[in-house]
Student: 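Got a structure for you, written out below as structure tokens; questions coming shortly.
Sequential numbering from 1 along the given sequence is applied to the chain's residues. Just so we're clear, the structure is a prediction, and the values are computed from it rather than from any experiment.
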Amino acid sequence: MRSHSHGNIVPPRRHDLVSLDPQSWTSIIEDNPCLSSEPLIAEWRRRGWPVVARRPEAGGPAGISVGLPLPPSAGKKRLSLVVQEHQILSVDRPPVLEAVHPKSPSEWIPTLREIGDLASRHAIEVRVFGSLGWSVITGLDYLTSSSDLDFLFYLHRNTNAVSLANDLAGIQSMAPMRLDGEFIRDDGAGVHWREFLGSTGDILVKSISGTMLCHPTAFLNGGTHL
């Protein structure tokens with residue numbers, strides 16, 4: 001867990017899971033009318049499921065922007081909310097790879113194991129978000145026949161991102177699903193893994209504060225901040 005307690009909240013980064021104070025849900029629902037018409041919100045509140053950090057909208061209200069993704073059975077909506085720091089209990093990363101196996105389709109398991117082995121070889125952490133991640137977090141069914149496997153590789157300064165991307169491309173060639181993930185830097189900035197496949201120009205970098213283009217070397221060295 002990256003942070004905890006009301007007085008020690010680290011600002012969340014993209015993909016971070018934000019757990020809210022149960023006592024704050026009443027005011028959160030009042031401040032975000034989109035919640036009142038969704039039947040699942042009462043269950044979300046009761047079970048203490050997290051929301052996910054997102055980039056704030058231009059001109060939006062002050063606070064911390066988060067999203068609440070509903071499963072396909074509830075219309076697969078992505079509800080956009082704004083909460084305040086005092087309403088946050090904790091900030092954490094998405095589920096670890098090992099935690100998603102029980103909720104994964106059986107045909108995905110070999111690919112998950114290959115990705116786990118790859119992360120071990122490169123001595124980096126891998127987490128899972130997206131449909132599979134939310135299935136694990138909530139126990140609800142987010143997966144469909146067209147779902148991707150969404151993952152995050154948390155890079156070190158000495159990680160060979162090009163080699164890592166090439167290894168992932170090899171796994172993708174045999175995988176039954178699309179591999180859709182990012183390489184995440186220490187400051188939370190991320191780049192889609194495919195950007196490192198044969199890239200000779202600038203790549204798109206995303207963070208909680210915005211997007212920009214920069215050279216792959218600059219991204220890996222951490223010299224360009226958003």
Side-chain angles (χ1 to χ4, degrees), residues 1-4 10 12-22 25 28 35 38-54 64-81 83 88-120 122 124-155 168 171-172 175-184 188 190 192-193 206 208:
M1 185 174 289
R2 290 184 53 236
S3 63
H4 57 85
V10 175
R13 299 166 175 176
R14 285 177 64 245
H15 306 299
D16 276 354
L17 300 177
V18 178
S19 294
L20 302 174
D21 181 352
W25 267 103
I28 290 170
L35 297 178
E38 296 297 339
L40 262 180
I41 299 306
E43 185 79 350
W44 214 278
R45 174 183 186 172
R46 185 175 72 83
R47 293 184 174 272
W49 292 332
V51 290
V52 61
R54 63 178 178 87
I64 297 168
S65 298
V66 297
L68 194 159
L70 296 175
S73 62
K76 207 174 182 180
K77 298 176 184 176
R78 297 294 184 265
L79 305 179
S80 298
L81 322 176
V83 301
I88 296 176
L89 280 182
S90 64
V91 177
D92 202 1
R93 289 177 172 175
V96 296
L97 189 68
E98 294 76 12
V100 307
H101 282 230
K103 285 289 184 180
S104 303
S106 58
E107 63 270 21
W108 285 26
I109 298 298
T111 301
L112 290 171
R113 287 177 176 153
E114 285 188 85
I115 289 175
D117 291 343
L118 177 60
S120 294
H122 286 267
I124 55 177
E125 182 182 34
V126 59
R127 301 270 178 154
V128 177
F129 68 109
S131 297
L132 182 54
W134 284 105
S135 293
V136 171
I137 292 165
T138 65
L140 303 175
D141 190 4
Y142 281 78
L143 289 169
T144 68
S145 59
S146 60
S147 291
D148 300 333
L149 173 59
D150 301 289
F151 58 84
L152 304 170
F153 277 115
Y154 292 89
L155 305 187
L168 279 168
I171 295 174
Q172 174 69 95
M177 82 299 270
R178 175 179 167 83
L179 303 183
D180 194 13
E182 296 182 20
F183 293 167
I184 306 294
H192 197 282
W193 72 271
K206 299 179 181 180
I208 199 72

Student: Taking salt bridge (charged side-chain N to carboxylate O under 4.0 Å, His left out) as the cut-off, I'd like each qualifying pair that reaches into residues 136-150, sequence neighbours left out, listed once.
Tutor: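 Found none.
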Student: Under 3.5 Å, is there a donor-acceptor pair between the side chain of W44 and the main chain of W49?
Tutor: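 Yes, W44 side chain to W49 backbone: donor-acceptor pair under 3.5 Å.
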Student: In Å and rounded to the nearest 0.5 Å, what is the OH to CG distance from Y142 to L70?
Tutor: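 Answer for the OH-CG pair, Y142 versus L70, is 6.0 Å.
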Student: Is a side-chain N or O of E182 found less than 3.5 angstrom from the main chain of Y154, in a donor-acceptor match?
Tutor: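 No; judged by distance alone, with no hydrogens or angles, the pair does not exist.
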Student: Please test V91 against L17 for side chain to side chain contact (heavy atoms under 4.5 Å, CB included), starting from the C-alpha separation and ending with a verdict.
Tutor: CA-CA 6 Å; V91 177; L17 300 177; over 6 Å; no
Student: Calculate, to the nearest 0.5 Å, the distance between atoms CG and NE2 belonging to L168 and H122 respectively.
Tutor: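 Those atoms lie 8.0 Å apart.
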Student: What distance do L97 atom CG and R113 atom CZ have between them, rounded to the nearest 0.5 Å?
Tutor: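 If we round to the nearest 0.5 Å, L97:CG and R113:CZ are 10.5 Å apart.
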Student: Distance-only, no hydrogens or angles: does the R14 side chain make a donor-acceptor pair with backbone N or O of R54 under 3.5 Å?
Tutor: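 Not confirmed, R14 side chain does not pair with R54 backbone.
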Student: Among L112, V100, I171, which residue satisfies the side-chain contact (heavy atoms from CB on, under 4.5 Å) criterion with L149?
Tutor: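 For L149, the side-chain contact (heavy atoms from CB on, under 4.5 Å) test succeeds with only one of L112, V100, I171, which is L112.
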Student: Which value, rounded to the nearest 0.5 Å, describes the distance between E38 atom CD and L79 atom CG?
Tutor: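 Interatomic distance, E38 CD to L79 CG, rounded to 0.5 Å: 5.5 Å.
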Student: Between atom CD1 of I115 and atom OG of S120, what is the distance when rounded to the nearest 0.5 Å?
Tutor: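 One finds 12.0 Å between CD1 of I115 and OG of S120.
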Student: Just how far is it from atom CZ of R127 to atom CZ of F153, taken to the nearest 0.5 Å?
Tutor: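 Answer for the CZ-CZ pair, R127 versus F153, is 13.0 Å.
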Student: Looking at every non-hydrogen atom in both residues, tell me the closest pair between H15 and P94 and how far apart they are.
Tutor: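 For H15 versus P94, the nearest heavy atoms are O-CG, 3.3 Å.
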Student: Give the C-alpha distance, both sets of side-chain angles, the deciding distance and a yes or no for side chain to side chain contact (heavy atoms under 4.5 Å, CB included) between K77 and L68.
Tutor: CA-CA 8 Å; K77 298 176 184 176; L68 194 159; over 6 Å; no
